[in-house]
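Start at 1 and go down the list; that is how both ligands and their atoms are numbered.
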Amino acid sequence: MPSPIPEKSSRPDIAASELRTTRLWESLPGLSYGGDYNPEQWSRDIRLEDIQLMQQAGVNALSVGIFSWSWLEPSEGQYDFDWLDEIMDNLAAAGIKVALATATAAPPAWLVHKHPEILPVTADGTVLGQGSRRHYSPSSSIYRQYAAKITRTLAERYKGHPALVLWHVDNELGCHVDQFHGPEDAAAFRSWLARRYGSIEALNEAWGTAFWSQRYGNFEEIFTPSIAPTTLNPTQQLDFARFNSWALIDFYDMLVAVIREVTPHIPTTTNFMASSATKALDYFDWAEHVDVVANDHYLVASDTERHIELAFSADLTRGVAGGKPWMLMEHSTSAVNWQPRNMPKLPGEMHRNSLAHVARGADAVMFFQWRQSRAGSEKFHSAMVPHGGTNTRVWREVVELGAALQAMAPVQGSLVESRTAIVFDYESWWASELDSHPSTDVKYLELLRAFHRSLFLRGITTDFVHPSANLDGYDLILACTLYSVNDADAANIAAAATRGATVLVSYFSGIVDENDAVRLGGYPGAFRDLLGISVEEFHPLPESGSVTVDAGWSGTIWSEHVHLAGAEALARFTEYPLAGVPALTRNTAGTGSAWYLATFPDAESLDGIVGTLLEESGVVAPAIAAPGVELTRRRAADGTGYLFAVNHGASDAAVAASGIELISGTPFAGVVAAGAVAVIAES
Ligand code: GLA
């Protein structure tokens, strides 16, 4: 079988990209502050007032014109740039920098009317229509031509404009629609498969088409996995997930190629949605294509631990950014409009949220959006300037935040410190949650987030890393539900243990290879030797069922028949039919260790396991602080440490640190007030 050709777009020139990124941060000194600006929704008077208010709030960066195509090109070939010219000039005069959008995230009505074939098609054949946004397929040849044309026109007009520092390509690619089943999508899928596999025989082998007579004679016989009598070929589904993430990247790359021809020195990005909610896009893959990682994050108002979910999203974003500073391109000042009940943020919450993102590596804090719309779907979504104007809590907090970020300017460019990594793999997320598995209760993120939560509450910063990442520098590495893994990545994780790290692997990891074919000879095939165990059979638990373990804990979701093959058992199941079977094991691997967890422990027991792992690996929090204080440290190139302490509690909290607190500009007195944030330049 010919070796598969990795189906990725060609990697951009990394040196040129780094140069553009350096230039970007030089043109945005300090921490950037602003939001989406949609001036086409407002009269000229209000647009002029906007500039005054932006200056009052300390705004220095905006994403402009994201949904403005039908105002820039009201009918085909007829352009109106006067309004945007004036805005760009006024922003430049006010010293505000612009991430200019390509305006391609909402095709104009005239284009849909002329070319309805650009519209996206869902798995059941439904054509998604006009009247909303994101109504196009990234593989539509016609749409690609039109999108390239408006992008080139914008680039030609604003090349050399003093306000322009970044291109905001499209918007949240993959939002609302992330799978495309139209005729051109199917053709693109076939070409992608042909490039990935090289021959139809290789595809048949990879997809295991000997099963259910699914053998293909040529690529033309293949369709997108849509509606079928029962479960579809899992590898076809996995490849379709890979394809859709790639097709959106390919659309992004196509627009970037146009931009590069006209403005080769201006960096490009698009806003990711890295969080617990976005599964469809492999952001580790995406990150190679942007000059700077930008992320959007929205809290779920009803989540009582939403600050931990925020930390999860920010740590994931830093992970896909390879640890480098990133931009928080959107979050909200208060309520959103798209949840069932849109509660406002509590007083001070926006401040904590914003600084928690900075604490985890963001060098820009931006919002959707500058001014709250008076019409349209998002009129009840909060903004920096609310419907009520400037005599409002939100506006006062916006102005205070601007001042705080200005005082924190020295933080720019510093890097977040972490010695703990959780392996994060979108492909395992996709593959582990396919149908026809041992249990529908195995959800990729759950165990991973439970570990992240325990570490967060202990003040330990965790990096999310791709399985192929350089793991040097991590003393504790967790691989949870890493269901699908290739040989090289499995070896990478094993090597980390051998050179001295403490590595924990959970159940339903290392089960299949990259083609979703089971690794034979006992689970988990990819990690059996590392762990010194072999799993004979899975025993998933009934819905809401639990299992007891002799260490005093209970497990849910999963149990299994583990045999020791070199490892020692640290805890054992106690009940029939698995009484006496290991539930937690530890193996010595080189100078490190490899632990295996065979169930989903209750929160307290999981935290106890984390405590033991931290002790063994020697990882400690960046400071000693009262419970409830979120801690991280960013380290500047000159060696200065910036300790962030976010007090999520209702009482003042002690933090053992000394230095100058940047927001107040005074020596840190050892206490962070209830609900407040301290940023301490450590002495
Ligand atoms: C996304 C989009 C924005 C806006 C916000 C609302 O992040 O990019 O245009 O719709 O959601 O929360």
Side-chain angles (χ1 to χ4, degrees), residues 34-42 61-71 98-107 131-136 138 166-178 248 251-252 255 269-281 283 286 290 293-303 306 309-310 313-314 316-317 326-345 349-350 353-354 357 362 364-387 394 398:
D36 284 13
Y37 187 36
N38 299 303
E40 64 275 18
Q41 296 176 15
W42 300 102
L62 296 168
S63 293
V64 177
I66 293 174
F67 300 102
S68 60
W69 192 344
S70 68
W71 293 87
V98 170
L100 188 59
T102 58
T104 48
S132 175
R133 65 176 175 182
R134 302 217 53 75
H135 43 287
Y136 70 83
L166 179 64
W167 285 103
H168 180 113
V169 177
D170 209 88
N171 190 65
E172 289 193 343
L173 286 140
C175 181
H176 310 312
V177 199
D178 54 33
L248 288 157
F251 178 75
Y252 168 89
L255 294 182
T269 193
T270 188
N271 38 352
F272 294 176
M273 302 168 283
S275 76
S276 55
T278 304
K279 178 179 173 184
L281 304 160
Y283 284 130
W286 271 87
V290 297
V293 165
N295 201 51
D296 296 349
H297 181 260
Y298 291 95
L299 297 171
V300 173
S302 57
D303 179 357
R306 51 191 183 269
E309 196 280 330
L310 182 155
S313 163
L316 179 56
T317 305
W326 50 278
M327 303 180 79
L328 176 65
M329 195 61 107
E330 290 181 22
H331 68 153
S332 69
T333 56
S334 192
V336 299
N337 64 297
W338 42 265
Q339 291 168 18
R341 283 156 291 276
N342 295 296
M343 281 89 80
K345 287 193 177 176
E349 190 173 2
M350 177 191 76
N353 293 165
S354 300
H357 281 291
V365 173
M366 301 176 69
F367 293 95
F368 174 82
Q369 61 178 329
W370 163 251
R371 190 182 275 276
Q372 188 168 13
S373 302
R374 63 186 296 265
S377 295
E378 297 185 314
K379 57 184 171 296
F380 294 119
H381 193 296
S382 62
M384 296 173 84
V385 183
H387 285 158
V394 165
V398 161

Which residue and heavy atom of the protein sit nearest [atom], plus the separation:
| atom | result |
| --- | --- |
| atom 10 (O) of ligand 1 | E378 OE2, 2.3 Å |
| atom 3 (C) of ligand 1 | E330 OE1, 3.4 Å |
| atom 6 (C) of ligand 1 | H381 NE2, 3.1 Å |

Item to check | Name of the residue among D170, N171, D36 meeting side-chain hydrogen bond (donor to acceptor under 3.5 Å, both in side chains) with N271 | outcome: N171
Item to check | Side chains of S68 and E40, donor plus acceptor under 3.5 Å | outcome: no
Next on the checklist: Does ligand 1 come near enough to D36 that some N or O of the ligand is less than 3.5 Å from an N or O of the residue?
Outcome noted: no
Next on the checklist: Is there a polar contact, in the sense of an N or O pair closer than 3.5 Å, between N337 and ligand 1?
Outcome noted: no
Next on the checklist: If we check side-chain contact (heavy atoms from CB on, under 4.5 Å) with V365, which of these qualifies: M350, H357, M327, H331?
Outcome noted: H331
Next on the checklist: Can you tell me if M273 contacts ligand 1 (heavy atom of the residue under 4.0 Å from the ligand)?
Outcome noted: no
Checklist entry - How long is the gap from OG1 on T317 to CG on N295, to the nearest 0.5 Å? => result 3.5 Å
Item to check | Atom pair OG (S63) and CD (Q369), whose distance is rounded to the nearest 0.5 Å | outcome: 11.5 Å
Next on the checklist: Please check: side-chain N/O of K345 versus main-chain N/O of S332, any donor-acceptor pairing under 3.5 Å?
Outcome noted: yes
Is it the side chain (CB and beyond), the backbone, both or neither of [X] that lies under 4.0 Å from ligand 1, heavy atoms counted?
| X | result |
| --- | --- |
| Q369 | neither |
| R133 | side chain |
| N171 | side chain |

Checklist entry - Minimum heavy-atom separation for D178 to A280, with atom names? => result OD2-CB, 3.2 Å
Atom indices of ligand 1 within 4.0 angstrom of [X] heavy atoms, with elements:
| X | answer |
| --- | --- |
| F67 | 9 (O) |
| W338 | 6 (C), 12 (O) |
| D296 | 7 (O), 8 (O) |

Item to check | CH2 (W42) with more than 12 external heavy atoms under 6.0 Å | outcome: yes
